[in-house]
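The next block holds one structure in the form of structure tokens; read it before the comments.
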Amino acid sequence: METTDTEGDATADLPYDVFSRACPSRRTLEHVTGRWGALTLGALSEGSLRFNELRRRVDGVSEKMLSQTLQALERDGLVHREAQPTNPPRVDYELTGLGRAVAERLLSLIHFVEGRMDEVLSARERYDATRGGR
């Protein structure tokens, strides 16, 4: 019997189980929720970007990490890479339909966390005060 959550997604009787070591969904979850994957998807939710535009938007990511992240997200079907046959070559990255759906959910989490940062920072201060600082 298949059930749905409040957004209408199937949540029961799925053929994949991220909690199982061998489940391929675990790798995709890692790509999506890792620091650079989440930030890359979030940045691309604003629209198509060239590599260097994306690198500037995702402040702090190295060229190598961004390249690896984009390849993983492209392989998972979340990002589309389009190379234009121009001189110099132009490469644009944009979200696929699946990528937009994932980014939408990530952005909800990102905005939630940003909105609760005062609470998080207070909790960190309390923790550090009882543990002798960090």
Side-chain angles (χ1 to χ4, degrees):
M1 180 165 116
E2 188 171 278
T3 60
T4 58
D5 67 14
T6 57
E7 293 184 26
D9 294 332
T11 58
D13 298 328
L14 294 176
Y16 301 102
D17 178 8
V18 75
F19 296 101
S20 173
R21 180 185 344 188
C23 185
S25 65
R26 194 178 274 198
R27 274 302 270 163
T28 300
L29 185 64
E30 183 180 315
H31 296 156
V32 167
T33 61
R35 176 184 0 175
W36 303 123
L39 294 174
T40 298
L41 290 168
L44 287 172
S45 72
E46 299 167 2
S48 175
L49 294 170
R50 295 174 72 176
F51 185 87
N52 284 325
E53 293 171 325
L54 189 53
R55 187 163 172 228
R56 283 190 296 274
R57 181 69 178 107
V58 182
D59 190 27
V61 68
S62 70
E63 188 172 317
K64 178 182 177 182
M65 281 308 304
L66 181 57
S67 180
Q68 289 174 352
T69 298
L70 286 166
Q71 287 175 359
L73 295 173
E74 183 181 8
R75 184 169 184 249
D76 287 341
L78 304 174
V79 169
H80 173 71
R81 178 185 184 273
E82 175 129 5
Q84 304 292 329
T86 59
N87 192 9
R90 176 185 172 113
V91 179
D92 294 291
Y93 296 90
E94 65 183 341
L95 296 177
T96 63
L98 178 60
R100 280 190 298 280
V102 170
E104 180 181 304
R105 285 158 174 82
L106 273 175
L107 287 170
S108 291
L109 177 61
I110 288 168
H111 294 146
F112 177 82
V113 169
E114 288 173 335
R116 304 300 284 267
M117 277 311 297
D118 287 341
E119 292 175 62
V120 171
L121 294 173
S122 292
R124 286 180 185 174
E125 287 177 19
R126 286 189 307 274
Y127 180 91
D128 290 347
T130 63
R131 304 281 192 307
R134 192 161 186 232

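Just so it is clear, the model here is predicted, and its values are computed rather than measured.
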Worksheet item: Roughly how far, to the nearest 0.5 Å, is the CG atom of Leu41 from the CD atom of Glu104?
Response: 12.5 Å
Fill in: Point-to-point distance, once rounded to the nearest 0.5 Å, from CE of Met65 to OG of Ser67
10.0 Å
Worksheet item: Counting only N and O atoms by type, is there a donor-acceptor contact under 3.5 Å from the side chain of Arg105 to the main-chain atoms of Ala101?
Response: yes
Discussion item. Testing the basics here: between Asp76 and Leu98, what is the closest heavy-atom pair and its distance to 0.1 Å?
Written reply: O-CD2, 4.1 Å
Item to complete: With rounding to the nearest 0.5 Å, note down the distance linking CG in Leu44 to CZ in Arg100.
Response: 11.0 Å
Worksheet entry | Non-hydrogen atoms of Gly37 and Leu73 that approach each other most closely | O-CD1, 4.2 Å
Worksheet entry | Working for side chain to side chain contact (heavy atoms under 4.5 Å, CB included), residues Lys64 and Gln68 | CA-CA 6 Å; Lys64 178 182 177 182; Gln68 289 174 352; 3.2 Å; yes
Practice prompt. Heavy atoms only: give me the nearest Thr33-Leu29 pair and the separation to one decimal.
Written response: OG1-O, 2.7 Å
Worksheet item: Do you reckon Val32 sits in the same ILVMFWY cluster as Leu49, going by side-chain contacts under 4.5 Å, direct or chained?
Response: yes
Practice prompt. For the pair Glu53 and Arg50, find out whether any cationic side-chain nitrogen is under 4.0 Å from an anionic carboxylate oxygen.
Written response: no
Worksheet entry | hydrophobic_cluster_shared for Leu107 and Val113, side chain cutoff 4.5 Å | no
Fill in: Common cluster, Val120/Tyr127, ILVMFWY with side-chain heavy-atom separation under 4.5 Å
no
Discussion item. I'd like to know if the side chain of Ser122 reaches the main chain of Asp118, judged simply by a donor and an acceptor atom lying under 3.5 Å from each other, with no hydrogens or angles considered.
Written reply: yes
Worksheet item: For Glu74 and Arg81, which heavy atoms make the closest approach, and how far apart are they?
Response: OE2-CB, 3.5 Å
Item to complete: Flag yes if Trp36 and Leu106 sit in one hydrophobic cluster, no otherwise; membership is Ile, Leu, Val, Met, Phe, Trp, Tyr, and two members link when side-chain heavy atoms are under 4.5 Å apart.
Response: yes
Practice prompt. Starting at CD of Glu114, measure out to CG of Leu109 and round the result to the nearest 0.5 Å.
Written response: 10.0 Å
Item to complete: State the CZ-CG distance between Arg126 and Leu121, to the nearest 0.5 angstrom.
Response: 10.5 Å
Item to complete: Flag the pair Thr69 / Val61 as yes when at least one side-chain heavy-atom distance between them is below 4.5 Å, and no otherwise.
Response: no
Worksheet item: Do the side chains of Glu46 and Arg57 get nearer than 4.5 Å, heavy atoms only?
Response: yes
Worksheet item: Can you tell me if Arg26 uses its side chain to pair, donor with acceptor, with the backbone of Phe19 under 3.5 Å?
Response: yes
Worksheet item: Is there side-chain contact between Phe51 and Leu70, with at least one heavy-atom pair below 4.5 Å?
Response: yes
Practice prompt. Mind listing the closest non-hydrogen atom pair of His80 and Thr96 along with its distance?
Written response: N-CG2, 3.9 Å
Worksheet item: Taking all atoms of both residues into account, what is the closest heavy-atom pair of Asp92 and Ser48, and its distance?
Response: CB-OG, 3.6 Å
Discussion item. For Gly42, is there any backbone N or O sitting under 3.5 Å from a side-chain donor or acceptor partner on Ser45?
Written reply: yes
